[in-house]
Amino acid sequence: MWHFSGGYWKVGNVGADQITISDNRFKTSDTSNVIANSTAEFELALPGAVKSEIAAGKNIIAVAKARNGANLEALFDTSCMRIKMDSSKVYFNAVPKFNFINTNDLSYHHFVTNPKPNKVIPFVDPAYGYNIYSVFGNGYTARQINGWIDKNAPESMTNMPSGRIHPIMVKDSAGALKSGYKIMIDGQLKNSDGFSIGQGTFNNAGACGLHFEFPVEFIFFSAPATTSGGIDEPMDPATVDPVGTIPAPTSGCGDVIKWSDPEPHSYKHSPGCKTRKLADGTSQRYCPGHTCTHIHNYESSLTANVTLNPTTLKSGYGFTVSANTSISTKEIPNSGTCGTFRTKASVKTPVPPVAGEVQVGWVYKNETGSQKKTLPMQKISATSTTSTFQMPMNSLSPKKERKVYTAVELAGTTKKPVKHNVSIVLHGGGVPGVAEFCTTLVKQITINGNMYEDDHTSGV
């Protein structure tokens, strides 16, 4: 969420880009909990186990729960939250709540005082996120830096992670940073001298942003047909069995991520030139400076492929799983108040997925233990745009093979082979502060008998 010269803050995430907060909202008596003026919409791929249950005709319900000790009612207006599902995705619609430190208690007006900024610049409650800034200077343009503040000790920088901006570091209403501090620019710590928040725009909250986090997970249950699910709905363990869980990334996820970087800058506007009288009676023509903001828009896309080997086997035996991902990023048309197109590399660096899981619809057991329905994959290589995964060594395998084992009771014979779904979920990475990547690829194996038909009876 960045500040715009029209006098409002606006969310930049896809699915929530109609949400704004007016500057006037921070002039009221209580600004600690601001309810959004529009709904945020996100969609997530269903786990493979959940898809299998749906395909089998089960009534599956989804329940949203807050994670990391958060309170769901503090994150969303739960009276209008909606969760829907189809055969492959869950759709989450909610009105977010933005948690700030009350601006009557603390804002930039308490740190920058002579003069104070024209706009009230609030602080995000550290329990729910942090402020972000677009920094300029020393040859660098529009580099995003995260902010930090301890609301219980606002003047203290004792526990601040290195490279962040504390409000005490801001020298004046122009946004210049004081010397003697370190800020993180392109992964390197730089001296703060010569840098500023924006280019003369900080006074009106320009180049200032707000990052909020919403730690939520979705738990899926197989339930009687009369159960509808919902928000923190109590479940009877005797009638409802959990069949899957999705930890939702704090800002949503997908295989395409879009985001924006603001670039405020000043220019001379010739049609707006004026003439003024000087003290000696002569006239002088001058062109007032204007500030406009380019909103540079970007799109990063994820491509993934998965290989199972073998794809036809007898039940009780195992198969390997490997996955490769790659991402590509491009700039898409600008928006903002400048009216011209400018090309600029994003200050954010997308990262390919960092984790993967294999989800199956069965539990495999042998004399040494059991294999769960969800199995983590192992990342074996990565570059700035690619990542590769394979299965770790399976502790149930006598030879420690990197395999997923099939349950002996899985349906399928030589005369009547049966196909079974295998879902591979790849996630994480993404664009910092915007969203994570996530995608689910569904493959199939064919069971054409069981291992007891062979001379040996142990999985390999």
Is a donor on one side and an acceptor on the other found under 3.5 Å between the side chain of [X] and the backbone of [Y]?
X    : Y    : value
R82  : N93  : no
T414 : N448 : yes
N394 : K403 : yes

Q: Salt-bridge test for K97 and D77: reply yes if a basic N is under 4.0 Å from a carboxylate O, no otherwise.
A: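 No, no charged N to carboxylate O under 4.0 Å.
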Q | Carboxylate-amine/guanidinium contact E217 K65, below 4.0 Å | A |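 Salt bridge between E217 and K65, a charged N being under 4.0 Å from a carboxylate O: no.
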* Please determine which of L375, T307, V404 meets the side-chain contact (heavy atoms from CB on, under 4.5 Å) test together with V321. =>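 It is V404; the other options fail the test.
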With sequence neighbours excluded, residues passing salt bridge (charged side-chain N to carboxylate O under 4.0 Å, His left out) with K151 =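 Partners of K151 by the salt bridge (charged side-chain N to carboxylate O under 4.0 Å, His left out) criterion, ordered by chain and then number, come out as D125.
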Checklist entry - Which one of Y108, Y128, Y130, W148 satisfies the ring pair (Phe, Tyr, Trp, His ring centres under 6.0 Å) criterion with F123? => result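 Checked Y108, Y128, Y130, W148 against F123; only one passes ring pair (Phe, Tyr, Trp, His ring centres under 6.0 Å): Y108.
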#### Entry: Reference residue F98; test ring pair (Phe, Tyr, Trp, His ring centres under 6.0 Å); the match among W9, F76, F212
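It is F212, the one option of W9, F76, F212 that forms the ring pair (Phe, Tyr, Trp, His ring centres under 6.0 Å) with F98.
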Polar side chain donor-acceptor pair, [X] to [Y], under 3.5 angstrom:
X    : Y    : value
D86  : Y91  : yes
T440 : S423 : no
K348 : Q144 : yes

Just how far is it from atom [atom1] of [X] to atom [atom2] of [Y], taken to the nearest 0.5 Å?
X    : Y    : atom1 : atom2 : answer
N138 : K190 : CG    : NZ    : 9.0 Å
M391 : S322 : CE    : OG    : 11.0 Å
N366 : L396 : CG    : CG    : 5.0 Å

Set of residues satisfying side-chain hydrogen bond (donor to acceptor under 3.5 Å, both in side chains) with respect to D105, sequence neighbours excluded: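 Checked D105 against side-chain hydrogen bond (donor to acceptor under 3.5 Å, both in side chains); zero matches.
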- Message: The test is side chain to side chain donor-acceptor pair (under 3.5 Å); show your working for T31 and T103 and say whether it passes.
- Response: CA-CA 6 Å; T31 60; T103 52; 3.0 Å; yes
N71: which residues meet the side-chain contact (heavy atoms from CB on, under 4.5 Å) condition with it, sequence neighbours left out?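 For N71 the side-chain contact (heavy atoms from CB on, under 4.5 Å) partners, ignoring immediate neighbours, are E73, A74.
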Check: Looking at K51 and S87, what are the two nearest heavy atoms and their distance?
Finding: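 Reported closest heavy-atom pair: CG-O, 3.6 Å.
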